[in-house]
Peer 1: 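Can you keep this structure in mind? I'll have questions shortly.
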Amino acid sequence: MSLSLASGGSTRAASSSVTAATERTRRPIVTGTSVLAIKYAGGVMMTADTLCSYGSMAKYKDARRLQSINPKTLIGGGGEYSDFQAITELLKRNALEDKCTADSLYDEDASEECAREVWNYLRAVMYNRRNKMNPLWNDVIVAGFSAQGEPFLGFVDKIGTTYEDNIVATGFGSYLALPILREKYREDLTEGEARALLEDCMRVLFYRDCRALNKIQIAKVTKEDGVLISEPYEIETDWTSASFVVPKGALDGDGGW
């Protein structure tokens with residue numbers, strides 16, 4: 001039992017009832033940066049790096065931010081990594097529940113949620129948490145195929161705002177990579193062209209975004225193979241730009257004292 005100081009200098013026993021504090025996430029702590037996605041001739045492709053930063057410190061360099069929810073749906077998330085893990089766990093739990101309560105026990109007969117249904121459900125989850133003043137601090141990209149078999153690519157942010165497009169980017173990618181994607185996008189892009197374009201964008205982000213890393217993952221969703229996510233690998237970078245080679249401040253040294 002705690003004591004509180006009352007007026008007049010005497011002590012008075014405080015109430016013994018303990019009320020649990022209401023906790024709210026006021027700002028993200030461990031965060032991931034950009035996620036990029038693009039539709040191409042055979043499906044949808046997505047990429048993200050594997051860095052999670054603790055403030056300005058590059059703390060975790062093998063954080064996987066691309067996740068398969070079911071054979072038709074892939075998600076990628078930027079923002080608070082623990083919230084993204086909670087979203088992934090929720091969606092996978094729903095997918096498992098759908099599978100366990102399906103009329104058939106065979107995978108080929110099971111009816112999974114399509115990407116559009118997952119996207120709509122996630123919109124409701126984000127908007128619900130926003131209304132409770134305790135948002136999930138993420139921008140999430142949902143990729144896959146709709147119930148009609150059409151490639152789908154959608155975006156959801158932490159307050160439940162959604163949109164669909166042929167190219168989507170989160171974080172700094174929406175400023176630095178989206179113009180490149182818009183300039184070079186074609187509906188008939190091959191898988192190789194889509195991958196090269198995404199790698200070029202991730203290279204630019206590594207050069208310009210101090211929260212980015214050159215170790216990335218590429219994932220794709222196709223009708224034939226479902227969701228495939230690569231192991232992390234490093235993209236090639238080139239630091240021989242004149243602005244990096246010429247001494248700073250036109251001095252003989254490196255520009256420092």
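One is the number of the first residue; the rest follow in order along the sequence.
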Peer 1: Under a 3.5 Å threshold, yes or no: a donor from one side chain and an acceptor from the other, between T50 and D62?
Peer 2: no
Peer 1: Do M46 and F145 belong to the same hydrophobic cluster, where Ile, Leu, Val, Met, Phe, Trp and Tyr are linked whenever their side-chain heavy atoms lie under 4.5 Å apart, directly or via other members?
Peer 2: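 They do share one cluster, since a chain of ILVMFWY contacts under 4.5 Å joins M46 to F145.
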Peer 1: To the nearest 0.5 Å, tell me how far L178 CG sits from L36 CG.
Peer 2: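 Taking CG in L178 and CG in L36, the distance rounds to 8.5 Å.
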Peer 1: Is the backbone of G78 close enough, under 3.5 Å, to the side chain of N138 for a donor and an acceptor to pair up by distance?
Peer 2: yes
Peer 1: If you define the side chain from C-beta out and look only at heavy atoms, does anything of P232 sit under 4.5 Å from R64?
Peer 2: yes
Peer 1: Spell out, as yes or no, whether a donor-acceptor pair under 3.5 Å connects the side chain of T190 to the backbone of E193.
Peer 2: yes
Peer 1: Between T170 and V35, is there a donor-acceptor pair closer than 3.5 Å when you use the side chain of the first and the backbone of the second?
Peer 2: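 Side chain of T170 to backbone of V35, a donor-acceptor pair under 3.5 Å: yes, one is there.
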Peer 1: Inspect the contact between K72 and E117 and indicate whether a charged nitrogen and a carboxylate oxygen are less than 4.0 angstrom apart.
Peer 2: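 Salt bridge flag = no for K72 with E117.
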Peer 1: Give a yes or no answer on whether the side chain of T73 reaches the backbone of N70 with a donor-acceptor pair at less than 3.5 Å.
Peer 2: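 No; zero donor-acceptor contacts below 3.5 Å.
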Peer 1: Which value, rounded to the nearest 0.5 Å, describes the distance between S34 atom OG and R65 atom CZ?
Peer 2: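 Spacing of OG (S34) from CZ (R65) equals 7.5 Å.
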Peer 1: Is there a donor-acceptor pair closer than 3.5 Å between any side-chain N or O of T161 and the backbone N or O of D157?
Peer 2: no
Peer 1: To the nearest 0.5 Å, how far apart are CD1 in I75 and CG in L122?
Peer 2: 7.0 Å
Peer 1: Would W119 and F155 count as a close aromatic pair, with their ring centres under 6.0 Å?
Peer 2: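 No, the ring of W119 stays outside the 6.0 Å limit from the ring of F155, centre to centre.
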Peer 1: Tell me whether K158 is salt-bridged to E80, with the criterion being a basic N under 4.0 Å from an acidic carboxylate O.
Peer 2: no
Peer 1: What pair of heavy atoms forms the shortest contact from D225 to K220, and how long is it?
Peer 2: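 Smallest interatomic distance, heavy atoms only, reads OD2-NZ, 4.4 Å.
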Peer 1: Answer yes or no: is there a side-chain heavy-atom contact under 4.5 Å between Q217 and E231?
Peer 2: no
Peer 1: Output yes when D209 and R211 qualify as a salt bridge under the 4.0 Å nitrogen-oxygen rule, no when they do not.
Peer 2: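 No.
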Peer 1: Any chance you could lay out the side chain to side chain contact (heavy atoms under 4.5 Å, CB included) test for L198 and L181, step after step, and finish with the verdict?
Peer 2: CA-CA 8 Å; L198 289 179; L181 293 172; 4.1 Å; yes
Peer 1: Under the side chain to side chain contact (heavy atoms under 4.5 Å, CB included) criterion, do F84 and Q67 qualify, and how do the steps go?
Peer 2: CA-CA 10 Å; F84 178 68; Q67 295 289 333; 3.9 Å; yes
Peer 1: At what distance, to the nearest 0.5 angstrom, does CD1 of I167 lie from SG of C201?
Peer 2: 9.0 Å
Peer 1: Between I38 and V156, is there a shared hydrophobic cluster once you connect ILVMFWY residues whose side-chain heavy atoms come closer than 4.5 Å?
Peer 2: no
Peer 1: Between S68 and I229, what is the shortest heavy-atom contact and its length?
Peer 2: N-CD1, 3.7 Å
Peer 1: Going by heavy atoms in the side chains, are M126 and I159 under 4.5 Å from each other?
Peer 2: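 Side-chain contact under 4.5 Å: no.
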Peer 1: With a sphere of 6.0 Å drawn around NZ of K215, does it hold more than 12 non-hydrogen atoms of other residues, nucleotides or ligands?
Peer 2: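 Count over threshold, so yes.
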Peer 1: Looking at N128 and A124, would you say the former's side chain and the latter's main chain have a donor-acceptor pair under 3.5 Å?
Peer 2: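 No: the side chain of N128 does not pair with the backbone of A124.
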Peer 1: Can L153 be reached from Y185 by stepping across I, L, V, M, F, W or Y side chains whose heavy atoms are under 4.5 Å apart?
Peer 2: no
Peer 1: Near M133 CE, under 6.0 Å, is it more than 12 heavy atoms from other residues, nucleotides or ligands?
Peer 2: no
Peer 1: Using the rule given for side chain to side chain contact (heavy atoms under 4.5 Å, CB included), can you reason through L90 versus V125, listing the C-alpha separation, both sets of side-chain angles and the distance that settles it, and then say yes or no?
Peer 2: CA-CA 10 Å; L90 172 64; V125 170; 4.1 Å; yes
Peer 1: Group every Ile, Leu, Val, Met, Phe, Trp and Tyr by side-chain heavy-atom contacts under 4.5 Å, then state whether I69 and L136 land in the same group.
Peer 2: yes
Peer 1: Would you say L91 and V221 are hydrophobically clustered, going by side-chain heavy atoms of ILVMFWY under 4.5 Å?
Peer 2: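 As far as the 4.5 Å side-chain criterion goes, V221 and L91 are not connected within one cluster.
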Peer 1: If every non-hydrogen atom of P135 is compared with every non-hydrogen atom of D83, which pair is closest and at what distance?
Peer 2: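 So the minimum-distance heavy-atom pair works out to O-OD2, 4.0 Å.
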Peer 1: Between atom CG of N94 and atom CD of E89, what is the distance when rounded to the nearest 0.5 Å?
Peer 2: 10.5 Å
Peer 1: Which heavy atom of D98 sits nearest to which heavy atom of E113, and what is that distance?
Peer 2: OD2-CG, 3.6 Å
Peer 1: Step by step, would you call T237 with N214 a side-chain hydrogen bond (donor to acceptor under 3.5 Å, both in side chains)?
Peer 2: CA-CA 8 Å; T237 57; N214 65 333; 4.6 Å; no
Peer 1: Between I141 and A37, which heavy-atom pair has the shortest distance, and what is it?
Peer 2: CG2-CB, 3.9 Å
Peer 1: With a 4.0 Å cut-off, would you call R116 and E164 a salt bridge?
Peer 2: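 Result for this pair is yes, salt bridge flagged.
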Peer 1: Here's a test for you: under side chain to side chain contact (heavy atoms under 4.5 Å, CB included), which of Y54, Y81, W137 qualifies with I29?
Peer 2: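 Output: one option passes, namely Y54.
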Peer 1: Between atom CG of L51 and atom NZ of K61, what is the distance when rounded to the nearest 0.5 Å?
Peer 2: 7.5 Å
Peer 1: Mind listing the closest non-hydrogen atom pair of Y233 and E199 along with its distance?
Peer 2: OH-OE2, 2.5 Å
Peer 1: Using a 4.5 Å cut-off on heavy atoms from C-beta on, say whether the side chain of R203 contacts that of Y207.
Peer 2: yes
Peer 1: Could you tell me whether a side-chain N or O of R130 sits under 3.5 Å from a main-chain N or O of G160, the two making a donor and an acceptor?
Peer 2: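 Between the backbone of G160 and the side chain of R130 there is no qualifying donor-acceptor contact (under 3.5 Å).
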Peer 1: Just by distance, do the side chain of Y40 and the backbone of G192 share a donor-acceptor pair under 3.5 Å?
Peer 2: no
Peer 1: Considering residues, nucleotides and ligands other than R93, do more than 12 of their heavy atoms fall under 6.0 Å from its CZ?
Peer 2: yes
